[in-house]
Amino acid sequence: MDKKQFEKWVHRFGQSSSFVLLLLMVAFPITVSAVYNQWPNFGQIWPGILTVILMLAPWWPGETIGYMPTMGPGALYQSYITGNVTALRMPATIGTMNAIGLEPNTDGCHTMAIIACGASNFVTVILLFLGLLLSVPLQPVLYSETLQPAFSNAIPALFGGLIAQSILKGKKQLLYYIPLVIFAYLLNLTGLNGAYVMLITVVVGALEYFVLDFLIPKKTGKTLVK
Amino acid sequence: MKEIINAGWMYAFVAVIIIGILVQNFIMMRKAWNHAKNDLKLDDSQIRKGLINGILVSIVPTIPVIVVLLTLVPMLGSPLPWLRLSVIGSATGESIAADAGVQSVGETLGIGTITMVGWTAACWVMSMGNSSSLLWSTFAIRPISKMYGAAEKVDMRLVLGIGAGCLAGTMAYAAVNFGLKYIPKGMTTFWAFAASFCLGVVITLVNKKLKKSWLNDFLMAICMLFGMFIACVV
């Protein structure tokens, strides 16, 4: 199966399975209301639904456009079903890329992203189930005041090592990433919504590579940094 | 009320959806494994690295999600939070969605404070609001992927360059969002990030000298645990 055939299968299966799960998700509140004959007043709840959509929507273009080269379509279909795209699925993918030495936007990278994200999804689903089953014995650990800072800072701690590993991949990464970090930091100081900070930084990152790695070498015949 | 929101049929309904997710993931992973092995000629040990990485990276960051689950269960019963946090939901997003739902009918989210009207509103707002993400992924991923495919036909180097640029942008954003923006407010978070980053630098440099690939494989897990430890100490 070549890259094109595999991608075609991924889209067909990803779209159809996502749609089935969407229908099941929507069916849950409908079934609840039908069983108990307890329908909500839609005039009252629509602002709540809109609030949730508006909270999520700014992230969609940034995540899909920005993460597509790294995660590929398959891992994105998987990740959108279980959520936590930035906090869990993206680091799982980049960690795998770094460990195996894969380049973004390649067939190998997109294929391995499916395996890494799938494994990550399994872990989340299984741990949540175990959390539900063991809710009583787990409470002293989960609510321990001593361990609280560790749990609430798990994701920043996860990204620290990941960013170090990515930046130190080579001279090029070191030189290209640092100005981008400064740019993102300054952009964040403007108070702009985080979703737009992400989208703009990703676009600027793509432009940086486009100019320094593609346009200039194409015109001059010389590579700036190897 | 407690019996209604913890009804057996609701557990069964949620279990069906969650099994559906696991089946979808399993089918995709099996197909990807075969593609990696047979067509891309990656060996089993490399593919297994991807699998182990996905598992290791996800265990600890799932703990805050379990904490939110256990916080919501006394208020909303078990099936609804279990469903919402297993499908699409994030720890913060679900708490906000539940609160928005309950407040839209004039009630307050708390233990024993919501009626069936409030619970139904929370159920609808959480399910419908978050399902919009699935609607987006179902219809937007394919055209965006095709856009990258079209660029590939123009010049492969262009696509690889843009891919590397997007990744650089993502990492730069993550460095700010999960670390630098916490200076000076939220220094515990910053130190967790910084400690993990510094250990990551040390391990990467040692690894480059000693060529110990296992260090690279477990770098993220080791750095994360170190960062979490520092968060408890500072």
Side-chain angles (χ1 to χ4, degrees), chain A residues 6 11 17-19 22 24-25 29 38 40 45 48-49 51-53 60 66 69-70 73 80 83 92 95-96 99 104-105 111-112 114-116 118-121 123 127 131 149-151 153-154 156-161 163-164 166 168 180-181 184-185 188 198 201-202 205-206 209 213-214, chain B residues 17 24-25 29 32 36 49-51 53-55 57-58 60-63 66 88 97 100-101 104 120-121 123-125 127-129 131-132 134 136-138 142 145 161-163 165-169 172-176 178 189 192-193 196-197 200-201 204 217 220 223-224 227-228 231-232:
Chain A
F6 180 66
H11 283 302
S17 55
S18 298
F19 192 68
L22 171 69
L24 284 169
M25 279 299 304
Q38 179 76 57
I45 66 162
I49 296 175
T51 303
V52 177
I53 295 173
W60 298 334
T70 314
Y80 265 92
T96 301
N105 230 348
T111 307
M112 288 310 300
I114 293 176
I115 294 169
S120 173
N121 282 347
V123 169
L127 284 185
F151 293 146
N153 292 299
L158 168 71
F159 271 96
I163 290 166
S166 303
L168 294 175
L180 270 178
V181 172
Y185 184 72
N188 183 66
M198 183 180 90
T201 311
V202 166
Y209 269 72
D213 235 32
F214 181 75
Chain B
I17 299 178
Q24 188 233 28
N25 271 281
M29 285 169 79
K49 261 186 196 174
L51 190 77
N53 226 298
I55 294 170
V57 164
S58 312
V60 179
T62 304
I63 293 173
I66 299 175
I88 312 162
S104 67
T120 312
C123 177
W124 275 81
V125 170
S127 305
M128 294 301 189
S131 296
S132 56
L134 271 178
W136 167 267
S137 71
T138 304
R142 192 176 201 143
S145 165
I162 289 177
C166 288
L167 179 60
Y173 163 76
V176 173
F178 296 108
T189 304
F193 172 84
S196 167
F197 179 83
V201 170
T204 309
D217 300 346
M220 278 167 71
C223 293
M224 178 172 63
M228 289 169 70
C232 289

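Below, read A as the first sequence line, B as the second, and so on, with proteins coming before strands; counting in each chain starts at 1. All heavy atoms count here, side chains included; hydrogens, waters and symmetry mates do not.
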**Prompt:** So what's closer than 4.5 Å to chain A heavy atoms on B:Val176: side chain, backbone, both or neither?
**Reply:** side chain
**Largest heavy-atom contact set with chain A, pairs under 4.5 Å, which of B:Ser131, B:Gly227, B:Cys223, B:Ala100** = B:Ser131
**Minimal non-hydrogen separation, B:Arg142 against A:His11, with atom names** = CA-CE1, 3.5 Å
**Prompt:** Measuring heavy-atom distances to chain B, does A:Met25 have an atom under 4.5 Å in its side chain, in its backbone, in both, or in neither?
**Reply:** both
**Asked** If you count heavy-atom pairs under 4.5 Å between each of A:Asn188, A:Ile163, A:Thr201 and chain B, which one has the most?
**Response** A:Ile163
**Request:** Identify which of B:Gly54, B:Gly200, B:Gly101, B:Cys232 forms the greatest number of heavy-atom pairs closer than 4.5 Å to chain A.
**Result:** B:Gly54
**Most contacts with chain B, counted as non-hydrogen pairs under 4.5 angstrom, among A:Ala92, A:Gly83, A:Pro73, A:Gly161** = A:Gly161
**Prompt:** How close do A:Phe159 and B:Phe193 get, heavy atom to heavy atom, and via which atoms?
**Reply:** C-CE1, 4.1 Å
**Prompt:** A:Phe6 versus chain B, heavy atoms under 4.5 Å apart: side chain, backbone, both or neither?
**Reply:** side chain
**Request:** Would you mind telling me which of A:Ser120, A:Gly205, A:Pro149, A:Ala99 has the largest number of heavy-atom pairs within less than 4.5 Å of chain B?
**Result:** A:Ser120
**Request:** May I ask you to test the A:Leu158-B:Met220 pair for a side-chain heavy-atom distance under 4.5 Å?
**Result:** yes
**Region of B:Thr204 in contact with chain A, defined by heavy-atom distances below 4.5 Å** = side chain
**Item:** Option in B:Ile17, B:Asn53, B:Val57 with maximal non-hydrogen atom pairs under 4.5 Å from chain A
**Value:** B:Asn53
**Request:** To the nearest 0.5 angstrom, please state how far the CG atom of A:Leu168 sits from the CZ atom of B:Phe197.
**Result:** 6.5 Å
**Nearest atoms (heavy-atom pairs only) where A:Ala119 meets B:Leu51** = CB-O, 3.5 Å
**Request:** Using the side-chain contact (heavy atoms from CB on, under 4.5 Å) rule, take B:Tyr173 and A:Val202 through it: C-alpha gap first, then chi angles, then the decisive distance, then the call.
**Result:** CA-CA 8 Å; B:Tyr173 163 76; A:Val202 166; 5.8 Å; no
**Asked** Between B:Gly169, B:Cys123, B:Pro61, which has the largest tally of heavy atom pairs under 4.5 Å with chain A?
**Response** B:Gly169
**Item:** chain B contact via A:Thr111 - side chain, backbone, both or neither, heavy atoms under 4.5 Å
**Value:** both
**Asked** What is the minimum heavy-atom distance between A:Ser18 and B:Thr138, and which atoms define it?
**Response** CB-OG1, 3.4 Å
**Item:** Contacts of type side chain to side chain contact (heavy atoms under 4.5 Å, CB included), residue A:Ile45, not counting sequence neighbours
**Value:** A:Pro40, A:Phe42, A:Ile49, B:Ser104, B:Val105, B:Ala121, B:Trp124, B:Val125
**Message:** Please give me the minimum heavy-atom distance between A:Gly118 and B:Asn25, naming the atom from each residue.
**Reply:** CA-OD1, 3.4 Å
**Message:** Minimum heavy-atom separation for B:Met224 and A:Ala154, please, with both atom names.
**Reply:** CG-O, 3.8 Å
**Asked** Taking every heavy-atom pair that is under 4.5 Å apart, which of A:Gly66, A:Pro156, A:Gly48, A:Pro104 has the most such pairs with chain B?
**Response** A:Pro156
**Item:** Separation of A:Tyr209 OH from B:Leu167 CG (nearest 0.5 Å)
**Value:** 7.5 Å
**Between B:Gly161, B:Ala192, B:Ala168, the one whose heavy-atom pairs under 4.5 Å with chain A are most numerous** = B:Ala168
**Asked** Is any side-chain heavy atom of A:Phe214 closer than 4.5 Å to a side-chain heavy atom of B:Ile162?
**Response** no
